[in-house]
Amino acid sequence: MLNMKDIMETITMIQNEHLDIRTITMGISLMDCADSDINRSCEKIHRKIYRLAKDLVKTGEDIEKKYGIPIVNKRISVTPVSLLAAASGGDPVTYAKTLDHVAKEVGVNFIGGYSALVHKGFAAGDKELIESIPRALAETDFVCSSVNVGSTKAGINMDAVKIMGTVVKETAERTRKRQCIGAAKLVVFCNAPEDNPFMAGAFHGIGEPDCVINVGVSGPGVVRSALSKMPKDASLSEVADLIKKTAFKITRMGQLVGAEASAKLGVPFGIIDLSLAPTPAIGDSVAYILEEIGLEQCGTHGTTAALAMLNDAVKKGGIMASSNVGGLSGAFIPVSEDAGMIEAAKAGTLSIEKLEAMTAVCSVGLDMIVLPGETPAETISAIIADEAAIGMVNSKTTAVRVIPAIGYREGEILDFGGLLGSGPIMKVNQKSPAVMINRGGKIPAPMQSLKN
């Protein structure tokens with residue numbers, strides 16, 4: 001039972017500290033929509049998604065009104081579309097347009113799953129879908145795409161990595177008149193989770209139920225506020241303990257919303273993803289949490305250690321509050337979506353190299369980083385390879401979502417608006433990795449893969 005102190009504390013978190021449910025994401029399997037005729041397959045997809053998700057947005061709004069808890073996004077994730085393309089053949093963009101159409105009909109913010117899983121090699125439908133991504137993201141509004149190119153068990157598919165550097169750049173070029181927004185809806189993964197509710201990387205894994213509700217909770221402002229009240233000479237053990245206790249409180253709210261949405265929609269409750277996902281709003285920043293821990297500015301020496309402690313404490317606190325914690329869960333470090341990261345990047349304190357080091361201990365990877373428009377595709381592929389290697393060796397999820405700012409140079413600003421924010425165009429190493437990338441082939445799985 002909640003007492004008055006708990007209620008008032010939650011109200012303060014929501015009103016003053018940017019606590020919110022970042023997303024309710026309905027995962028929908030499309031396996032029973034496969035058909036040898038692509039148009040029939042699309043008809044089945046439209047009918048199924050509409051039937052299951054038509055009340056998703058209203059349900060989220062009803063829960064917001066009932067509990068006073070902001071639910072920022074209502075989203076859908078679907079089975080990787082490459083699996084359907086394998087059965088039907090034809091132009092995969094037809095699927096993307098169907099997903100976009102039904103997303104608009106049911107009123108969700110995004111729909112994810114224009115995806116392929118190629119960490120061990122290409123199957124039927126995979127290359128066709130991957131090569132269609134630039135067109136798909138340029139010709140739709142709400143579709144998000146992801147490709148998994150590596151895993152701890154399989155190693156890294158460097159042929160896929162090479163292709164993805166070109167795909168990322170072409171996607172940015174095709175949407176250059178819209179601030180290269182297409183690339184902001186495309187994620188390249190290693191060890192992609194099947195139950196991630198956060199875009200742009202969400203897809204409905206083949207091991208998931210036919211339909212499920214996943215919830216993403218976010219509250220970096222709450223954690224920062226709690227830390228700001230601690231004495232500056234408090235030990236790091238005490239700091240970690242306070243973060244755990246705060247994460248526990250945040251997760252309880254996610255559990256409440258997830259259970260309520262599941263009951264109202266008649267769909268199983270999947271997971272709570274407790275990720276400190278920032279926004280451009282002042283105060284809603286992971287970088288500011290790290291600075292509250294004791295760094296003059298995010299990106300200076302000590303940043304990786306502080307982030308490792310933060311990420312671990314968030315997971316420990318969440319696990320104590322719910323048995324449904326999954327997805328990514330921890331701390332996100334997207335540059336364009338975090339006011340503190342933006343400031344640090346502009347000041348030169350935060351570099352891509354430092355961000356790469358930080359990804360070894362955070363929840364995801366190099367996220368929403370804006371690159372100079374002239375960055376070669378091989379360099380983008382090499383950035384992807386580096387991140388995939390970190391994920392593969394450390395048995396964790398890593399990802400790359402970079403935006404080549406076509407027509408812009410280092411130091412200029414690309415502004416996406418909304419939750420995606422704006423980002424300074426960061427410096428990229430000019431030495432070429434082209435010979436390595438053009439070798440193709442595979443980076444074998446590490447010794448850690450032999451755990452059977």
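Here, residue 1 is the first one in the sequence, and each next residue gets the next number. These values consider heavy atoms only, across backbone and side chains, with no hydrogens, waters or symmetry-generated copies.
- The closest side-chain heavy-atom distance from I425 to I413 is not below 4.5 Å.
- Remark: the backbone N or O of I437 is not paired with any side-chain donor or acceptor of E378 at under 3.5 angstrom.
- Side-chain atoms of K315 come within 3.5 Å of backbone N or O of S329 as a donor-acceptor pair.
- In this structure, T375 contributes its side chain and L371 its backbone to no donor-acceptor pair below 3.5 Å.
- Distance alone, capped at 3.5 Å, is enough to place a donor-acceptor pair between the D338 side chain and the V286 backbone.
- Using a distance-only test at 3.5 Å, with no hydrogens or angles considered, a donor-acceptor pair links the side chain of S82 to the main chain of S115.
- Closest non-hydrogen pair, V314 versus L274, comes out as O-CD2, 3.5 Å.
- Ion pairing of K65 with E61 is absent here, as no side-chain N (NZ or NE/NH1/NH2) approaches a carboxylate O to less than 4.0 Å.
- Side-chain atoms of R22 never come within 3.5 Å of backbone atoms of V217 as a donor-acceptor pair (strictly under, hydrogens ignored).
- In this structure, the side chain of R178 engages the main chain of A138 through a donor-acceptor pair within 3.5 Å.
- The minimum heavy-atom distance linking V361 with T304 is given by the pair CG2-O, 3.6 Å.
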Can you give the donor-acceptor pairs under 3.5 Å from side chains of residues 386-393 to other protein atoms, not counting sequence neighbours?
from	atom 1	to	atom 2	distance (Å)
E387	OE1	T359	OG1	3.1
E387	OE2	T359	OG1	2.8

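- The shortest heavy-atom contact between F269 and I271 is CE1-O, 3.8 Å.
- By the 6.0 Å contact criterion, NZ on K120 is open, its count of non-hydrogen atoms from other residues, nucleotides or ligands being 12 or less.
- Contact annotation: the side chain of E343 approaches that of Y288 to within less than 4.5 Å [non-hydrogen atoms, C-beta and beyond].
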**Request:** Apply side-chain contact (heavy atoms from CB on, under 4.5 Å) to I333 and L355, showing your working.
**Result:** CA-CA 8 Å; I333 51 171; L355 282 161; 4.1 Å; yes
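- Side chains of V335 and V370 form no contact here, defined as non-hydrogen atoms less than 4.5 Å apart.
- Of the options I133, V147, V188, I380, a side-chain contact (heavy atoms from CB on, under 4.5 Å) to V167 is made by I133 and by none of the others.
- Using a distance-only test at 3.5 Å, with no hydrogens or angles considered, no donor-acceptor pair links the side chain of N157 to the main chain of V149.
- Judged purely by atom type and a 3.5 angstrom limit, S262 uses its side chain to pair as donor or acceptor with the backbone of V267.
- Residue K245 holds its NZ atom at 12.0 Å from CE of M320, rounded to the nearest 0.5 Å.
- Side-chain contact check for H101 versus K97: every heavy-atom pair is 4.5 Å or farther apart.
- When V102, I28, T98 are each tested for a side-chain contact (heavy atoms from CB on, under 4.5 Å) with I45, only one passes: T98.
- The nearest pair of heavy atoms linking V161 to S381 is O-OG, 2.9 Å.
- Applying the side-chain hydrogen bond (donor to acceptor under 3.5 Å, both in side chains) definition to pairs two or more places apart or across chains, those involving residues 185-206 are T152-N191.
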**Asked** Given E260 and K66, is the salt bridge (charged side-chain N to carboxylate O under 4.0 Å, His left out) satisfied, shown in steps?
**Response** CA-CA 10 Å; E260 183 92 2; K66 182 175 179 179; 2.9 Å; yes
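- There is no side-chain donor-acceptor pair under 3.5 Å between T25 and N214.
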**Pair D91-R135, salt bridge (charged side-chain N to carboxylate O under 4.0 Å, His left out): steps then yes or no** = CA-CA 11 Å; D91 182 2; R135 282 195 301 123; 2.8 Å; yes
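- Remark: the Y114 side chain and the S146 side chain contain no N/O donor-acceptor pair separated by less than 3.5 Å.
- In this structure, CD in Q255 is found 3.5 Å from OG in S322, a value given to the nearest 0.5 Å.
- The shortest heavy-atom contact between C180 and P404 is SG-O, 3.5 Å.
- Between the Q179 side chain and the D415 main chain, a donor and an acceptor come within less than 3.5 Å of each other.
- To the nearest 0.5 Å, atom CZ of residue F110 and atom OG1 of residue T140 are 10.5 Å apart.
- Of all the heavy atoms in L117 and D126, the pair that sits closest is O-OD2, 4.1 Å.
- Here salt bridge (charged side-chain N to carboxylate O under 4.0 Å, His left out) pairs that include residues 25-36, with residues two or more places apart or in two chains, are D32-K48, D35-R40, D35-K44.
- Among the candidates V72, V257, N73, L256, the single residue satisfying the side-chain contact (heavy atoms from CB on, under 4.5 Å) test with I21 is V257.
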**Prompt:** Can K127 and E131 be said to form a salt bridge (charged side-chain N to carboxylate O under 4.0 Å, His left out), step by step?
**Reply:** CA-CA 6 Å; K127 276 192 176 178; E131 290 168 356; 6.0 Å; no
